[in-house]
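Everything below concerns the one structure shown next.
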Amino acid sequence: MTPDTRAREFDAADPLGHFRARFRLPEGVIYLDGNSLGALPKATPGTLARVVESEWGDGLIRSWNDANWFDMAARVGAKIAPLIGARPNEVIACDSTSVNLFKLIAAALAMRPGRKAVLSEPGNFPTDLYMIAGLEAQGLAQRRLAPREQLAAALDGDVALLMLTHAHYKTGALHDMAALTRAAHDAGALVLWDLSHSTGALPVDLDAVGADFAVGCGYKYLCGGPGAPAFAFVAEQHQAELQQPLTGWFGHAAPFAFSDDYAGAAGIERLQCGTPPVLGLAALEVGVDLIAEIGVDRLYAKSQALSEFFLESLMAHDVALDLVSPPRAADRGSQLSFRHPQAYAICQALIARGVIGDFRAPDVLRLGFAPAYLSFADMAAAARHIAEVLASGEWQREEFNQRAAVT
Ligand SMILES: *Cc1c(COP(=O)(O)O)cnc(C)c1O
C-alpha cells in the first residue's frame with residue numbers, strides 16, 4: 001500500500017479530523033511550522049472584530065469593567081492551567097516568554113539567598129540563556145551550563161535554580177521533568193520549566209512533578225497569533241513570598257488605589273507588570289479554548305501517530321535523512337528534525353512547493369506536526385515532496401540559496 005492510500009485510511013478513522021475545518025489554512029499549503037506560529041483559528045477574526053468594534057469602539061474605557069478586560073490575563077491563564085497540569089490560580093497570561101523568564105529567574109534567586117547559580121544546558125533556546133546572562137550582568141546570577149547527562153551532577157549547593165526547556169526547540173528531545181525536578185529539589189534548588197514547545201501538544205503535569213515555576217509561548221501550539229502574550233506559572237505555595245522585579249502597577253494589590261508604594265497582589269496577578277494587551281489576549285483566548293476543546297491527550301496521541309507515519313512515508317520513498325530527533329515517539333515533542341548540510345536550501349525549495357517547515361542554524365530542517373489541524377494526507381504529501389526535492393536537486397537553484405532575515 002502506498003503512503004497516500006494508507007493516509008486515506010488513517011484520515012477516515014481520525015477522531016480529530018473534523019477539527020481541521022476550524023482553522024484557516026491556505027489552499028495548497030502543508031503547514032509544518034505550527035511549532036513556530038500556530039495556524040489561524042477561523043473564530044479569531046470575528047472575535048477580534050467584536051472586541052475592536054464593540055468593546056473598544058463603543059464601550060471605550062467602560063470595557064475594563066463591562067467587558068472584563070481587567071481580569072482577562074488571569075482568566076486566560078486559568079484556561080491554560082489544565083493544559084499543563086496546574087490549578088487555575090497558578091497561571092497568568094502576560095508579557096512575552098522572555099520577560100516572564102526574567103521575572104521568574106529573579107524571583108527564584110531572591111528565594112535562595114546565598115546561591116547564585118542558574119543551571120541550564122548549552123543549546124537551550126537562545127532567549128532562555130540570554131535572560132540568565134542579563135541577570136548575570138546585573139551581578140544577580142551566575143550562569144552555569146551543563147550537558148544533559150551532567151545536569152544532575154552539576155546540582156551543587158550554589159545552584160538556586162534549574163531552568164530547562166521541556167521539549168528542545170531544535171531536536172524535540174524531552175527532559176524527564178519528574179526526575180530532574182526531584183533532583184533539583186534534593187539539592188535545595190528551585191525549578192523553572194519552559195513549556196514553549198510542549199503546551200497544546202503534549203501532556204504536562206506541573207503540579208504532579210512538583211514544579212516551582214514555568215513559562216510558555218502563546219503563539220505556537222496555542223494558536224494565539226503573532227506576538228501573542230505568553231504565560232507564567234507559579235506554584236501556589238510560592239505565591240505569597242514571590243518577589244518579582246518588574247513591580248509595575250498592574251501587579252499591585254490595588255492598582256486603582258494609586259498609592260505611592262508598591263504592594264504586590266496576593267496571588268498570581270502579582271506577575272503582571274503593565275496594562276495587559278487586550279487584543280492579544282482576546283486572540284489567544286480563542287486558540288486556548290479550541291485546543292482545550294480538542295484535549296491535550298487526544299492531541300498528543302495524534303501527534304505521535306502523525307510523526308511515526310511521516311517517518312514511514314519517508315522510508316517508503318527511500319529518503320534517508322539524518323534524524324536528529326529521538327527515534328522513539330515517546331522521547332520527543334511534536335516535531336522531527338533532520339540534519340543536512342544544505343538544510344536551508346532544501347527548506348526554501350519545500351516552501352516554494354507549499355510545504356512550510358523551518359530551518360534552524362546551522363544545518364537543521366525542522367518539521368512541526370501540529371496535531372490540531374494536520375492530516376495524514378499532509379504527511380504522505382510532504383514526504384513525497386521531500387523525496388522529489390532531494391532526487392531532482394532543485395534545492396540547488398540560486399533563489400533557494402539566498403538567506404532571508406527570518407529563517
Ligand atoms: C519560542 C520560544 C521562546 C520565545 O520567547 P519570546 O519571548 O516569545 O520571543 C522562548 N523559549 C523557548 C524554548 C521557545 O521555544
Side-chain angles (χ1 to χ4, degrees), residues 22-24 37-84 86 88-104 195-196 199-200 214-234 244 246-259 262 264-293:
R22 304 274 293 275
F23 293 88
R24 197 171 108 179
L37 176 65
L40 171 65
K42 279 187 184 159
T44 304
T47 298
L48 280 181
R50 181 177 53 71
V51 174
V52 170
E53 299 281 352
S54 154
E55 295 183 8
W56 176 13
D58 297 333
L60 290 166
I61 196 134
R62 293 169 290 192
S63 289
W64 281 103
N65 292 311
D66 298 348
N68 295 315
W69 287 353
F70 186 70
D71 300 327
M72 218 169 164
R75 179 176 81 231
V76 178
K79 289 180 171 187
I80 294 170
L83 306 178
I84 55 176
N89 63 341
E90 291 179 318
V91 184
I92 191 152
C94 62
D95 297 316
S96 64
T97 305
S98 304
V99 172
N100 287 334
L101 285 167
F102 181 85
K103 289 182 287 189
L104 293 178
L195 304 177
S196 291
T199 314
V215 297
C217 233
Y219 51 79
K220 291 172 178 160
Y221 295 106
L222 293 181
C223 299
F231 66 84
F233 158 93
V234 177
Q244 67 97 347
L246 300 184
T247 47
W249 73 309
F250 253 80
H252 194 280
F256 291 90
F258 293 102
S259 158
Y262 183 79
I268 193 75
E269 287 84 356
R270 184 182 300 190
L271 271 187
Q272 291 188 98
C273 181
T275 308
V278 170
L279 301 181
L281 284 166
L284 174 60
E285 188 167 23
V286 177
V288 169
D289 281 340
L290 183 47
I291 292 299
E293 180 188 339

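Any value given below was found using the heavy atoms of this structure, including those in side chains, with hydrogens, waters and symmetry copies removed.
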Residue pair Phe231 / Ile84, side-chain heavy-atom distance below 4.5 Å = yes
Sub-4.5 Å side-chain heavy-atom contact between Asn68 and Arg75 = yes
May I ask you to test the Gln244-Leu104 pair for a side-chain heavy-atom distance under 4.5 Å?
-> no
Would you name the heavy atoms of Asn100 and Ala230 that are closest together and state the gap between them?
-> ND2-CB, 3.7 Å
Interatomic distance, Leu83 atom CG to Leu222 atom CG [nearest 0.5 angstrom] = 6.5 Å
Keeping the roles fixed (side chain from Arg270, backbone from Ala265), state whether a donor-acceptor pair exists under 3.5 Å.
-> yes
Residues, nucleotides or ligands: over 12 heavy atoms within 6.0 Å of Leu60 CG = yes
Reported CG-to-OH distance for the pair Leu284 and Tyr219, which is rounded to 0.5 angstrom = 12.0 Å
Can you say whether the rings of Trp69 and Trp64 are parallel (under 30°), tilted (30 to 60°) or perpendicular (over 60°)?
-> perpendicular
Got Val51 and Trp56 here, is their nearest side-chain heavy-atom distance under 4.5 Å?
-> no
Note: Gly200 and Ile291 closest approach over all heavy atoms is CA-CG2, 3.8 Å
Taking Ser96 for the side chain and Val99 for the main chain, is one N or O donor matched with an acceptor at less than 3.5 Å?
-> yes
Of all heavy-atom pairs linking Ala282 and Leu48, the shortest is CB-CD2, 4.2 Å
Check for a donor-acceptor pair, side chain of Thr199 on one end and backbone N or O of Leu195 on the other, with a separation under 3.5 Å.
-> yes
Give, for atom CD of Glu269 and atom NE2 of His252, the distance between the pair rounded to the nearest 0.5 Å.
-> 13.5 Å
Do Leu37 and Lys220 have side-chain heavy atoms sitting under 4.5 Å apart?
-> no
From Tyr262 atom OH to Trp249 atom CH2, the distance as rounded to the nearest 0.5 Å | 13.0 Å
Donor-acceptor pair, side chain of Arg50 and main chain of Thr47, under 3.5 angstrom | no
Give a yes or no on whether the backbone of Gln272 and the side-chain of Asp95 come within a donor-acceptor separation of less than 3.5 Å.
-> no
How are the rings of Phe250 and Phe256 set relative to one another: parallel (under 30°), tilted (30 to 60°) or perpendicular (over 60°)?
-> perpendicular
Less than 4.5 Å apart, any side-chain heavy atom of Asp289 and any of Lys79?
-> yes
Smallest heavy-atom separation, Ala43 atom then Val286 atom, equals CB-CG1, 3.8 Å
Of all heavy-atom pairs between Gly38 and Cys223, which one has the smallest distance, and what is that distance?
-> CA-SG, 4.0 Å
Is the shortest heavy-atom distance from the side chain of Lys42 to the side chain of Arg22 under 4.5 Å?
-> no
Given the rule in the side chain to side chain contact (heavy atoms under 4.5 Å, CB included) test, do Asp58 and Glu53 qualify, once you have shown the distances and angles that lead to the verdict?
-> CA-CA 7 Å; Asp58 297 333; Glu53 299 281 352; 5.9 Å; no
What is the distance from atom CD of Glu55 to atom CG of Leu279, rounded to the nearest 0.5 Å?
-> 9.5 Å
Drop me the distance from Thr275's OG1 to Phe70's CZ, to the nearest 0.5 angstrom.
-> 10.0 Å
Looking only at heavy atoms, which two atoms of Lys103 and Cys94 are closest? And how far apart?
-> NZ-SG, 3.7 Å
